[in-house]
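Following: one structure in C-alpha cells, then a few remarks.
Within every chain, numbering begins at 1; the chains are lettered A, B, ... in the order of the sequence lines, protein sequences first and strands thereafter.
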Amino acid sequence: MTKHTKPSSTFTTSELLAVMASRLMTNGQVVFAGIGVPLLAATLAQRLFAPQLTILFEGGTIGPFIVPGELPPSTNEQRCTRRSNMVLPITDVLLLLQRGYVDIGFMGGAQIDRFGNLNSSFIGDAENPKIRLPGTGGGNDISSLTNMIVAMKHEKRRFVADVDFITSPGWLKGGGTRKDSGLPQGGMWRVVTDLAIMGFDDETRQMKVLGLHHGVTREQVQENTGFELKFDGKIETTAPPRADELAVLRELDPRALYTA
Amino acid sequence: MTKHTKPSSTFTTSELLAVMASRLMTNGQVVFAGIGVPLLAATLAQRLFAPQLTILFEGGTIGPFIVPGELPPSTNEQRCTRRSNMVLPITDVLLLLQRGYVDIGFMGGAQIDRFGNLNSSFIGDAENPKIRLPGTGGGNDISSLTNMIVAMKHEKRRFVADVDFITSPGWLKGGGTRKDSGLPQGGMWRVVTDLAIMGFDDETRQMKVLGLHHGVTREQVQENTGFELKFDGKIETTAPPRADELAVLRELDPRALYTA
Amino acid sequence: MGIEPLVKSYSALRHETLTRDRGLREKVMTLEEAAKLVHDGDHVAIGGCTVSRTPIAMVWALIRARKRDLVISRSITSTEGDLFFASEVSKHVITSWFTQGIVWGVSKVMRHHTENKLARFEEWSHMSIGLRYRAGAMGIPFMPSRTMLGSDVGKQVKDEIKVMDCPFTGEKIVLLPALNPDIALIHVQRCDAFGNAQLDGLQFMDIDMAMAANKVILTTERIVSNDQIRRTPDRTRIPFFTVDAVVEAPFGCAPHECYGLYEPFFTHLDHYAKISSQDPVKGPQQYLEEFYYGPKSWPDYLAKLGMDALLDASRRGRSVHND
Amino acid sequence: MGIEPLVKSYSALRHETLTRDRGLREKVMTLEEAAKLVHDGDHVAIGGCTVSRTPIAMVWALIRARKRDLVISRSITSTEGDLFFASEVSKHVITSWFTQGIVWGVSKVMRHHTENKLARFEEWSHMSIGLRYRAGAMGIPFMPSRTMLGSDVGKQVKDEIKVMDCPFTGEKIVLLPALNPDIALIHVQRCDAFGNAQLDGLQFMDIDMAMAANKVILTTERIVSNDQIRRTPDRTRIPFFTVDAVVEAPFGCAPHECYGLYEPFFTHLDHYAKISSQDPVKGPQQYLEEFYYGPKSWPDYLAKLGMDALLDASRRGRSVHND
C-alpha cells in the first residue's frame, strides 16, 4: 500500500519523530496513543499502510477519526470522540490494557533511563524536588500493562543512567526485575528520538541502539546520552522521511501546532 | 393521603398479602421488589400513601411506572422499563444493595424457618433432593444485603423449624450468627402471610407473631406452622383490606393473573 | 475443563487475547460458520436473562451442530437450558436460577436431569455470577463481594471461593474467582460488520461477558454501516475488537424477547411448557425435532413459529416506544 | 480526615447512606445553597477530566464561600486545582496529573505550592484513582489491580495500598483502598429536579464517583422534566437517590468544555496561563479577584468571560454534532 516517493530533506524534529515512530506500527494493532507525536504517528501509519490499526485515547475513546486541522489538545476533549466507534469511561478504557486488548502504548517522555524507566513526576529528590512535574496520568498504567513506544528528543539531560523517580516503569533495574516486581506483561519496546531508534537487550534489558537516522553517527548519539549506550550487532540506518509521509503530517497539522 | 373507606370482606389470599405488605412500606423508601405480590404491594403503597417510594427491579430498572393491566411476568422483560427513571446492568442494580441505597428487599418465599431463612433450591437433601427448585436468582444477594419482607402463604409444610437448604439467609441460627458469618447488615424483618404478620425477636432472632389478621386465632397460626411460634407481648389485629386498597389492586391486575 | 485451574493465570489470559486478530476487519458469517468457532468442551456464556435477549439463533445452531460437553453459564437460565440438557449438548449449567419463567412453574426438564444426576446445575447467586464476569472483564483474578456468606449457596461452592479478612477493615469478605468464558454468545439490536454493537434497553450482564470472554459471537437483528455507529459512539456498548463473528439473525431471540422489537411469543412458550411438563423426556425431544433438527433454515424455523405469533410479538415489542 | 481510617468500615458506610433522604423529592437550589452542603475538611471529588466537564460553577461557589481544608480528588486536575490552592480552599489534592493542560506547560501555581510545601499533590495512577472510586461505588473495601507495582508512584503510597499473593493464581496483586468521598461535584448536560442525570459523550469517572460519594451536588446545563428522562431511561447515568442538590448553571463549566455544547474558552485559558506563569502568587490572586470574588452572580461571571468568547466556544462545541 505504501507509495514509494522520494526522501525529503526538510522536516522538523517532531516530524522526524512522528515518521520514524509510525513505521514501527503494524496493521491490525490496537494502539493506546497520547496527544502530539504519538497520535500523529499512529494516524500517519493508519493513512499510509495500516488501515486496520485502531487508536485508543485515555479519555475514553475507541477508534476515532482524526479530522485534519482539528487535532485534540488533550485526550479528554470532545474532539477526541469525533466519528469514533465507541466512547466509554476512563476506568474502562484503561482496563482494556489490563485485560490485554492493547498491543502498543505510545507516549512522549520527559526523562528516561538505561532500563527505559520514565519520569514525569519529580526532577531532583521527591521529598525536596527542584521541579514538581505534572505526574503520571495514565502513564504508569499504560507502561505497567503493555508494550511501549516512547518518542522524545535526544538530550543528555533527558537520557540519564537512573531517573530521579520511576513514574512509568520500564525494565526497572534490568534483567528479571520488572517481572519479579509483579509486572509480568509488557515493557519498554522502542525509544524513538531525533537521532536514533533504540530497543532493549533481551537479557540485561539495557537500552541499545538499533538504528541511526540518516547522517547521525554513533558518537553523536553517545554524546547526547547520559549513560553508556549499547549498540546492536547490526545497526541499520533509517530511511529519511519521505515526501508522502510529511505531506500527511502537514495535512493533519497544517498550523504545525504539534510538529513545529 | 389515605382515603378512609369501608373494609371489604371479599378478597383473595394474594390480595390480602398484597394489602398487608403494602402497609409495611414507608414513603421515601427504596424497595427492591420481586414480581407478583411484592410488586403489587409496593405499587399499592405508592398509589395510596407513599408517592415518593421507589421500586427497583433485579433485571436492571430504577423507578418504573407500572401500567395497569401490563404487569411484567419477570423483572427482566422490557415491560419493567416502561417509563422508568433509569435502566442499568444487572450487576450494577444488585450492587446498589451492597452500596446501601436500598431500604427494603421484598420477595415471595417457598419455604421459611424459625430464623427467617428461605429455601428456594432443594426440597430434601441437596445431594439427593426430592425436588430441585429453581435456585436463588438474586434472593441470596438481596437477603444478604438489606432488610427483608417476605410474603407467602401460611402452610405447615412451608413454615419449618429448619429449612432443608439456606438459599437466602435470614438470621441463620439466631442470635449473632448472621453477623458473625460476615453479614453485618440487613436481615429478615417481616413475614406477611394470609394469617398473620411476624417479626423476629431482637435477641434470639426467633420468629414471633406481631399481628393477626381479622378473625384469625393464635391457635390457627400455630396449627399451620411447623415449629413453636413465639407471640409478641401485645398482638395487634390488623384492619381488613379496605375497598380503596382492593380497587387499586384490581385496577393493576384486572385479569387477576397475580391475585387469583 | 476439569483439569484447568479455576482462574486462568494472567500470562495465559493475556496470551489468549494477544493471539486473537483484533484488527478492524469484517466478520460477517452464517450461523453454521459461527457454530464452528465453538468447540466441544468449551465454556460458553449466554447473553440476556431468562426470556430476554437470549441468543436463541446461536443456541439453535449449536444444538443442530451436535456440540458436546459444553459448560454453559448464564445470569438466569430459561428454556434454552432445558434444550441444552435435552439435546445432550451440555451436562453442566452454571447459573443463579434455572426454570422457564415464574409464570410457568418449575422446569420439569431441569428437574429430570438434575434429580437423576444426568446433568449438573451449579448454583451461584445472581450478583456473584455478574461479579465473576466483571472480574474477568477487568483482567483481575477475583472480585471482592459481600454475599453468599452464611448460606448454603456459598457452602456449595466453598472450594471455588475464598473468604478473607479485609486487610483494610478487618471485615470478612468473599473473593469470587474471575470467569473468562471460552466464548460468549450475545444477541444485539444492531452492530456493524466489524462487531461494534449497540444494545438498547436492558443490558443484563452482556457487556462484562463480552469483555471477559476469549471469543464473542454476535447475532444481530440487523447489520448497520460503520458510519451509522460512528454517528452515536456513546451508544456503542461492545467494541469490535472483542468480537470474532457477526451473524445477521432477524428475530434471533424468538420465542424469547428482544428489547424494543418483540416481546416473548407467549403462546409458543405456553406450548413448550405444556409438552415438557407432560413428559420431561419426550416433550423436549419432540420440540427439538420439530423446531431445531427439522427446519431447513432459520427463516424456516421462524415460519414454524408462525406469522401470527411473529406479528403479535412485534406489535407488543414495539409498544415500549409508544408514548 | 487524618484521624479517619483509610477505608470506612462497612457499617459506617451503610449508616451514612441509610441516613440520607433517598426518596423521590425535588432538590433544586442555588449555587450558594448547594455550597452549604460542603463542610470545611470534607473530601470533595470533582467530576470531569482536565478541562472537560469540570463543575466550575460549584468550584466558583466553594471558593467564594471561603471553604477551608477541603481534600480534593479528581482524575486529572487542571486550572481548578490551581485555584483551590491559591484560594487556600484546599491544601491537599489527590490526582494522577496536575497541570492546566499539555499545551500550556507545567503549572507554575502547582509548582509554587508543592515545591514550597504549602500544599500536597498526592499522586496515584489514573486507573488506580478510577478503581478506588469504583470500589467505593460497589460497596467493597478494596479493588484488585495490576499497576503501580515496581514504580515509585506505588512506593509513594505504599502505606495506603496492600500487595498480596492472589489466593487463586499465586500472582502478586495490588489491593487499592476504596474511596468514598464525602461529596462529589458533577456537571451534566441535563437532569430532572430529582437528580436523574443524563450525560452525553465522555463520562470520565463521574458515574463511579456519584455512586461512591456520600453526597452529590449536580450542576446542570438545564433542568428537564421527569417525563423527558422517562422517555429514554437507558440514557440515565446517575440515579436520583444518589443526588442531594440540583443547580441549574448554564455554561457551568466555562472556561472549560461541556461535551456537545461548548469547547474550552481557549483565549481565556491562554490568558490565565500567562498571568499565572508570570507570577504564580499574584497571577491567580488577580484572577480570583476578577473572576471569582468580584462578580455579583454566575451570569455576571459569564459576562466577564465575554459574549464573543461564549459564542465562539458554543459554535465549536456544537460542531461535534455537525455531520
Side-chain angles (χ1 to χ4, degrees), chain A residues 34-36 58-61 70 73-83 87-92 94-95 97-98 117 119-122 126 128-145 163-169 172 177-178 180-185 257, chain D residues 48-53 75-76 95-99 101-103 106-107 110-111 114-115 117 121 123-131 133-134 145-156 163 171-174 201-208 257-260 263-264 266 317 320 323:
Chain A
I35 290 302
E58 185 178 290
T61 307
E70 293 190 24
S74 85
T75 69
N76 304 303
E77 281 158 79
Q78 64 171 25
R79 288 184 187 183
C80 294
T81 69
R82 200 72 187 271
R83 304 205 63 234
V87 167
L88 70 175
I90 287 173
T91 310
D92 296 287
L94 290 165
L95 285 168
L97 290 151
Q98 186 162 280
N117 302 300
N119 176 17
S120 58
S121 298
F122 298 94
N128 287 293
K130 265 194 291 194
I131 301 176
R132 183 40 159 135
L133 295 170
T136 160
N140 179 278
D141 303 309
I142 301 165
S143 57
S144 294
L145 296 168
V163 289
D164 294 335
F165 186 94
I166 300 180
T167 307
S168 301
L172 298 180
T177 53
R178 177 186 168 98
D180 294 344
S181 77
L183 302 175
Q185 298 292 318
L257 294 173
Chain D
C49 189
T50 331
V51 294
S52 295
R53 233 167 16 70
S75 53
I76 282 179
T95 193
S96 71
W97 201 84
F98 188 155
T99 265
I102 292 177
V103 293
V106 184
S107 163
M110 178 278 283
R111 285 193 56 193
T114 54
E115 292 169 15
K117 302 197 192 307
F121 157 20
E123 183 176 340
W124 292 70
S125 85
H126 205 23
M127 187 172 82
S128 296
I129 290 181
L131 291 174
Y133 289 134
R134 184 157 293 178
S145 168
R146 299 187 190 274
T147 73
M148 299 209 306
L149 288 161
S151 71
D152 291 323
V153 177
K155 287 191 189 113
Q156 290 275 106
V163 180
E171 299 156 339
K172 217 173 263 193
I173 195 106
V174 175
L202 294 160
Q203 310 282 306
F204 307 117
M205 299 180 183
D206 293 13
I207 313 310
D208 288 327
E257 90 165 22
C258 182
Y259 190 100
E263 280 199 349
F266 285 117
V320 82
D323 177 44

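In this structure, the portion of Ser75(D) lying under 4.5 Å from any heavy atom of chain A is its side chain and not its backbone. Heavy atoms closer than 4.5 Å to chain A are found nowhere in Val174(D), neither backbone nor side chain. Neither the backbone nor the side chain of Thr95(D) comes within contact range of chain A; no heavy atom of the residue lies under 4.5 Å from a heavy atom of that chain. For chain A, the nearby parts of Arg146(D) are the backbone and the side chain; heavy atoms of each come within less than 4.5 Å. The part of Lys117(D) that comes within reach of chain A is its side chain, from C-beta onward, which places non-hydrogen atoms under 4.5 angstrom from that chain. Residue Ile76(D) touches chain A through its side chain alone, counting heavy-atom pairs closer than 4.5 Å. Contacts of Phe121(D) with chain A are made by both backbone and side-chain atoms, with heavy-atom separations under 4.5 Å. Contacts between Leu257(A) and chain D at a heavy-atom distance below 4.5 Å are absent for every atom of the residue. Both the backbone and the side chain of Met127(D) come within less than 4.5 Å of a heavy atom of chain A. The contact between Asn128(A) and chain D is made by backbone and side chain atoms together, counting heavy-atom distances below 4.5 Å.
Ranking Pro184(A), Gly137(A), Pro169(A) against chain D, the residue ahead of the rest is Gly137(A), based on heavy-atom pairs under 4.5 Å. Here Arg134(D) is the residue among Lys155(D), Met205(D), Gln203(D), Arg134(D) with the most heavy-atom pairs under 4.5 Å with chain A. Taking Thr75(A), Val87(A), Val163(A) one by one and counting their heavy-atom pairs under 4.5 Å with chain D, the maximum is reached by Val87(A). By number of non-hydrogen pairs under 4.5 angstrom with chain D, the leading residue of Asp92(A), Leu133(A), Leu97(A), Ile142(A) is Asp92(A). For the options Glu263(D), Gln156(D), Glu171(D), Arg53(D), heavy-atom pairs under 4.5 Å to chain A are most numerous at Glu263(D). Across Val106(D), Thr99(D), Val163(D), Leu202(D), the residue that shares the most heavy-atom pairs under 4.5 angstrom with chain A is Leu202(D).
Considering CG of Leu183(A) and OG1 of Thr177(A), their distance stands at 9.5 Å, rounded to 0.5 Å.
Partners of Phe204(D) by ring-ring contact (aromatic ring centres under 6.0 Å, His included), not counting sequence neighbours: none found. For Gln98(A), the side-chain hydrogen bond (donor to acceptor under 3.5 Å, both in side chains) criterion is met by no residue, not counting sequence neighbours.
Looking only at distances, a side-chain donor or acceptor of Ser52(D) sits under 3.5 Å from a matching main-chain atom of Asn76(A). A donor-acceptor contact shorter than 3.5 Å is absent between the side chain of Asp141(A) and the backbone of Ser125(D). Ser120(A) places a side-chain N or O within donor-acceptor distance of the main-chain N or O of Gly135(A), the cut-off being under 3.5 Å.
With respect to Arg79(A) and Glu257(D), no salt bridge is recorded, no charged nitrogen being found less than 4.0 Å from a carboxylate O.
Residues Val153(D) and Glu123(D) meet the side-chain proximity criterion, which asks for heavy atoms closer than 4.5 Å. Between Phe165(A) and Pro129(A), every side-chain heavy-atom pair lies at or beyond the 4.5 Å cut-off. Tyr259(D) is listed as a side-chain neighbour of Thr81(A), based on a closest heavy-atom distance under 4.5 Å.
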